[in-house]
Amino acid sequence: MDLFDYMREQNMEKESPLAQRLRPTTLEEVVGQEHIIGKDKLLYRAIKADKLSSIIFYGPPGTGKTTLAKVIANSTQAEFLQLNATTSGKKEMQQAVEDAKNNQGMFGKKTILFIDEIHRFNKAQQDYLLPFVEDGTVILIGATTENPYFEVNGALISRSNIFELHPISNEGIKTLLLRAVYDEDKGMGTYNAVIDDDALEFLADMAEGDARTALNAIELGILTTEPLADGKIHITLPVAEQCIQKRAFRYDKQGDNHYDTISAFIKSMRGSDPDAAVYYLAKMIDAGESEKFIARRIMICACEDVGNADPQAIQVAVACSQAVERIGMPEARIILAQACIYVATAPKSNASYLAIDEALHTVRTQRVSGVPNHLRDAHYKGAAKLGHGIGYKYAHDYPNHYVDQQYLPDSLVGTTFYDPSENGYEKNIKQHMEWLKNQ
């Protein structure tokens, strides 16, 4: 490192964003993630004992994945190398592996290779690392916001411990904000700022567990607010509202939050909770989820979970889908809300869903005799000579338009696929079917 590199690093350290400057250097300074770095937890013990194996940190932005990697860097005797998958390629990985081999061969030192955004590496790049992770040339620490079981090579997963990081609690965010405002070494304590309690509560709540969002907001507030007559910069609620005008919303249309939210939406409709259903609907709409996608899920729920307990549900859902396509947002939000509330409050039955799945299972797994002869088509050429259709009883020729005759194949006689529930209109269907059987 020459003089210019040294000066550049010193300047970057002073001028880097608050979130970077305030990054912890020891485990004791880390806020949150007690479920993995509590004093009785595996990761805490492994870091303290400097006995790490390969690990992958997985969680939303701003929850401390890179922070924990930096803490490990400060705690270990091993050489620590860092790559970012968004800017590094195979050349950089080859150099890192070569350095690790030299550390191992010449100095007997282990090498920890931290790869931020590891999901950005393609399969070939991840495959390249595998033999060096397996033989211990490098101890891998990967960080990703994506589900590693989908985005990271299965072989790497099998050789790593997965640690999921959770959004930081409001209390944890408040601790970080206070540290940022009053700490004179790493924070902005030299600016002589104070923060009101309601502003502190507001920023912690709006950050949605993302420490970086909260720290960026408080930094902006302090840097852009003029001191009052007492010489202090007052971070009041109006100042805080200007610094973070929209909730730090976690929603990636290709990631876990997409799947978790749509799952909660469907389960809320299925569970007859219209308030929860509308909440998750609003969450998806605000995140820019496709209204067509939402409408499709409402249609599926109308059939799978409501079914014949309310046959109108599918009609409402289909009408919603058609109207959404014709009208578009923002008015489509009202249509989606009406449909999801209708489905959520409708009586429930999954009898139709169970019926078709059981029938499909039978078709695919059992050797069943053919269509009964009296049900076969008697109109095509030669059918009559073969006796097809003989003995068929036309239901409308009988009282109540019903006649008892065999419809299932011989080997399935007596099998029940559709068992109506006692809910909603399906109760009427059940009573009607029982009445027919007694005719």
Locate the shortest heavy-atom distance separating [X] from [Y]; write the atom from each residue and the value.
X	Y	value
C320	A295	SG-CB, 4.4 Å
F417	T415	CZ-CG2, 3.7 Å
A211	I168	CB-CD1, 3.7 Å
A199	L237	CB-N, 3.8 Å
A85	E117	CB-O, 3.0 Å
G59	K65	O-NZ, 3.1 Å

Greater than 12 external heavy atoms within 6.0 Å of [X]'s [atom1]:
X	atom1	answer
H361	NE2	no
Y128	OH	yes
M329	CE	yes
Q77	CD	no
R120	CZ	no
K186	NZ	yes
K430	NZ	yes
Y191	OH	no

Examine distances only and state if a side-chain atom of [X] and a backbone atom of [Y] form a donor-acceptor pair shorter than 3.5 Å.
X	Y	value
E291	G328	no
E92	T87	no
S321	A317	no
D135	T137	yes
Q338	I335	no
H35	E164	yes

To the nearest 0.5 Å, what is the distance between [atom1] ([X]) and [atom2] ([Y])?
X	Y	atom1	atom2	result
L281	I298	CG	CD1	6.5 Å
I118	Q125	CD1	CD	10.5 Å
L176	R212	CG	CZ	12.0 Å
Y149	I162	OH	CD1	4.5 Å
R179	E29	CZ	CD	6.5 Å
N122	N153	CG	CG	11.0 Å

Is there a side-chain contact between [X] and [Y], using heavy atoms and a 4.5 Å cut-off?
X	Y	answer
E146	T144	yes
N147	H119	no
M269	C340	yes
V239	C243	yes
I115	L129	yes
Q104	T111	no
Y280	I266	no
K39	K48	no

- prompt: Using 30° and 60° as the class limits, which term best fits the ring planes of F163 and F57: parallel, tilted or perpendicular?
  reply: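 Taking F57 first and then F163, their aromatic rings sit tilted (interplane angle of 30° to 60°).
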- request: In sequence, state the C-alpha distance, the side-chain angles, and the governing distance for L140 and F132, and then conclude on side chain to side chain contact (heavy atoms under 4.5 Å, CB included).
  value: CA-CA 9 Å; L140 175 67; F132 306 110; over 6 Å; no
For a side-chain contact (heavy atoms from CB on, under 4.5 Å) with [X], tell me which candidate from [options] qualifies.
X	options	result
M188	L223, L22, I233, L215	L223
V71	T25, V30, T76	V30
I55	L68, L42, I112, I72	I72
S352	N308, D305, V306	N308

- request: Would you check, one step at a time, whether the test side chain to side chain contact (heavy atoms under 4.5 Å, CB included) holds for K283 with F265?
  value: CA-CA 10 Å; K283 188 173 181 181; F265 176 60; over 6 Å; no
Does the side chain of [X] come under 3.5 Å of the side chain of [Y] through a donor N or O and an acceptor N or O?
X	Y	answer
Y342	Q315	no
N161	S53	yes
D99	Q95	yes

- request: Would you sort out whether K70 and Q82 count as a side chain to side chain contact (heavy atoms under 4.5 Å, CB included), showing the intermediate values?
  value: CA-CA 10 Å; K70 296 289 187 181; Q82 180 173 350; 2.9 Å; yes
message: Regarding R296 and E325, does a basic nitrogen lie under 4.0 Å from an acidic carboxylate oxygen?
response: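 No.
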- request: State plainly whether the residues K174 and E201 are in salt-bridge range, i.e. N to O under 4.0 Å.
  value: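 Answer for the salt bridge query: yes.
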Verdict with supporting geometry, N74 and T26, side chain to side chain contact (heavy atoms under 4.5 Å, CB included): CA-CA 7 Å; N74 292 327; T26 67; over 6 Å; no
